[in-house]
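Notes to accompany the following structure.
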Amino acid sequence: METYTPKERLARALTGQTVDRMPAVSFTQTATVEQMDACGSSWPEANEDAQKMATLAEAGHTLVGFEAVRVPFDITAEAEFFGCTIKAGTKEQQPSVVGHIVKDMSDIEKLKEYDIDQGRIAVVCSAIKILADKYGKELPIMGSMLGPFSLAQHMNGDEWFMAIMTDEAFGHALMELTTDFNIAYAKKMAQNGADTMVIIDPTASAELIGDEFYEKFVVPAHKKIVDAMREEGVTTVLHICGDTTSGLNLMESSGVDAISVDQSVDFVTAVGKVNKAVIVGNLDPVNVLWNKTPEVVKEASKKVLDTNSGILAPGCGIVSKTPTKNLQAMVEMAKGHTY
Amino acid sequence: MEESEIISGLTNAVVNGKKDQAVELAQKALDEGVDPYKAVIDGLAKGMEIMGDKYDKKQAFMPHLLMASNAMYGGMDVLTPHLKLESGERRAVLVIGSAEGDVHDIGKNLVKTMMSAVGFEAIDLGKDVPINSFTEAAVEHKADVISVSTLMTSTMDNMEKIVKSFTEKGIRDKVKIIVGGAPITPDYAAEIGADTSKPDAMEAAHWAKEIVKELPKDRWN
Ligand SMILES: [Zn+2]
């Protein structure tokens, strides 16, 4: 007999409490073309319209079997909110940020006044409300957002990697802007019913910028977001791409409940590196989930399950062309695992 | 100023990410009659190699690498116009770009930097490059190495199409093709008919420098 609702189970698993079995969820984006065709709601429209977004998110639960619903599917709404130019997405491809808007301090000043109820981030909040009204009692409602460091990079361009070295005051000022925004946005998602917050900060990696810059610019920002979420009773998951092995301790020092690691990390090593944080991941979205068979997915899942720790999940965003049967194989493996 | 002082000064300027210093010393190299080729290879490029090495050993990171890259290009802008005139041998040509659909170019830029550091003349097509632009540029510039990168899984198909376009044009054997980016593995490179994929920009550059020796000199005639 199942003791917990999926909502309780995930909340318990993310906070280190005992559970009857592993939750079957994806902390990264869930939408695929097969789901779009089946539910009648597709990218790019589903990125712009709250009802369509909710419908496609719901398909991850009803068609694939994920024990959660999660929005949005991309990580560009935040930069778009501040005025960065976006290259539109297609049915198979997410939109991307192409134009940068912050060059100096005066640009930051101009962006400090904003209305959080505007733009596509408001669409995301509405989609959360729709999903929470329908599933909020039973399923985890996951919100996700681009993290403050990567948002700063979107706003400033690749110059950002040099700015944190050459102009510390500017670096801190931009991080303050993005962090305050992240907190306001995350709170809004929480008020609309999100109970789990995934912070996706792909370029905020100690592998890329080194421990010193990570500790100085990233940790305090993540900590503020995590603290704000804890006040709202929302659990936090931090996803950073690449080989984050050596940075796990610093990532954990922000206080996040869970750390999502990608396929370049050795899951066992990661589990051994953290104190309390739950490690989630790390099936390769390309070379396992997209391009291989359910049998291969199950084999790869076993490696994660053998650690008897953490939560099995995709290592990064699911590729839109991923076959449903591969995702279902992962779901089945997670559901079958008792700790 | 001694020649050796200028050369080591150029190396240090790159290592320390000092663009102004690199530009100033590059000009000095010209003024004092230092062979510009030597100033680039033994001076600037050596600095970039040192930084690439430090990056591999996790002693330097993206900020340092980008600063160094800026300094190297600063010096190169001064020296390159004098390069072809004074050294007889043709430099190997790299055609580089991000696959169509991919708007990222930080990884691509690093590969370009390291390839320049090992002596390639880089033809940079930028990001989100239309598929056929690669073959067009290869023919026009008599390319040796083609480098295609993507960070986005949704554009991996375009990477395959780019490799195919070389076969279709009958020029696949005239170039070596390297593909790269977060989702790209050596297996995938082999599968789509590329020559290789390397885990980082340094290794890519070292591979490229060696592999061009296999290409017949007269193949574009
Ligand atoms: Zn990722």
Side-chain angles (χ1 to χ4, degrees), chain A residues 29 33 43 74 76 85-87 89-99 153-154 157-167 171 202-203 205-214 217 241-243 245-247 262-264 284-287 289-291 315-322, chain B residues 16-20 51 54-71 73 98-110 112-113 126-128 150-160 181-192 197 199-201:
Chain A
Q29 95 81 17
V33 171
W43 294 353
D74 70 322
T76 61
T85 318
I86 303 293
K87 184 185 176 197
T90 64
K91 183 172 176 179
E92 291 178 359
Q93 187 168 315
Q94 289 143 317
S96 8
V97 176
V98 289
Q153 192 220 339
H154 274 166
D158 292 341
E159 297 287 306
W160 175 241
F161 288 109
M162 287 184 277
I164 56 171
M165 186 160 147
T166 57
D167 193 347
T203 53
S205 131
E207 185 195 13
L208 275 186
I209 62 173
D211 289 356
E212 195 192 324
F213 290 118
Y214 188 91
F217 288 95
C241 301
D243 184 358
T245 315
S246 65
D262 92 2
Q263 54 284 358
S264 34
D284 188 330
V286 175
N287 299 303
L289 286 170
W290 171 23
N291 285 324
C316 198
I318 292 170
V319 179
S320 65
K321 285 177 276 187
T322 303
Chain B
N16 297 318
K18 304 278 188 215
K19 184 178 174 179
D20 294 351
M51 290 309 283
K54 285 191 168 190
Y55 184 73
D56 275 352
K57 292 184 182 139
K58 301 198 189 297
Q59 294 164 346
F61 297 93
M62 193 66 91
H64 316 100
L65 223 49
L66 292 176
M67 297 291 289
S69 171
N70 258 4
Y73 283 125
S98 304
E100 183 163 2
D102 193 285
V103 298
H104 302 88
D105 63 358
I106 193 160
K108 187 261 301 170
N109 289 343
L110 276 185
K112 177 185 163 190
T113 300
K127 48 192 174 183
D128 200 357
T150 186
L151 282 182
M152 298 161 81
T153 51
S154 50
T155 60
M156 286 167 70
D157 289 351
N158 288 338
M159 196 172 249
E160 183 170 8
I184 310 301
T185 58
D187 282 352
Y188 179 78
E191 206 177 289
I192 64 170
S197 179
D200 65 44

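Owing to the predicted nature of the structure, the values given are computational and were not obtained by experimental measurement.
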| request: Against chain B, label A:A163 side chain, backbone, both or neither, depending on which of its atoms sit under 4.5 Å from a heavy atom there. | output: neither
| query | Do the non-hydrogen side-chain atoms of B:N70 and A:M162 ever get within less than 4.5 Å of each other? | reply | yes
| task | Specify the closest pair of heavy atoms between B:Y55 and A:E207, including all atoms of both residues, with the distance to one decimal. | result | OH-O, 4.3 Å
| said: If I take atom CG from residue B:D157 and atom NZ from residue A:K321, how far apart are they, to the nearest 0.5 angstrom? | reply: 3.5 Å
| said: For A:K87, is the NZ atom crowded, meaning more than 12 foreign heavy atoms sit under 6.0 Å from it? | reply: yes
| query | Between A:N291, A:I164, A:V286, which shows the greatest number of heavy-atom pairs under 4.5 Å with chain B? | reply | A:V286
| request: Taking atom NZ of B:K127 as the centre, report whether more than 12 heavy atoms of other residues, nucleotides or ligands fall under 6.0 Å from it. | output: yes
| query | Does any heavy atom of chain B fall under 4.5 Å from the side chain of A:W290, the backbone, both, or neither of them? | reply | side chain
| said: Show the nearest heavy-atom pair for residues B:P63 and A:I209, with the distance to one decimal. | reply: CD-CA, 4.0 Å
| Heavy atoms from other residues, nucleotides or ligands near CD of B:E160 exceed 12 (cutoff 6.0 Å) | yes
| said: Under 4.5 Å from any heavy atom of chain B, what part of A:D284 do you find: side chain, backbone, both or neither? | reply: neither
| said: Are A:T166 and B:M67 packed together at the side-chain level, in the sense that at least one heavy-atom pair is separated by less than 4.5 angstrom? | reply: yes
| In residues 182-190 of chain B, which residues are in contact with chain A at a heavy-atom separation under 4.5 Å? | B:P183, B:T185
| If we only count heavy atoms from C-beta on, is the A:M165 to B:F61 side-chain gap below 4.5 Å? | no
| From A:C241 atom SG to B:L151 atom CG, the distance as rounded to the nearest 0.5 Å | 9.0 Å
| task | Taking all non-hydrogen atoms of both residues into account, name the closest pair between A:D158 and B:L66 and its distance. | result | O-CD1, 3.9 Å
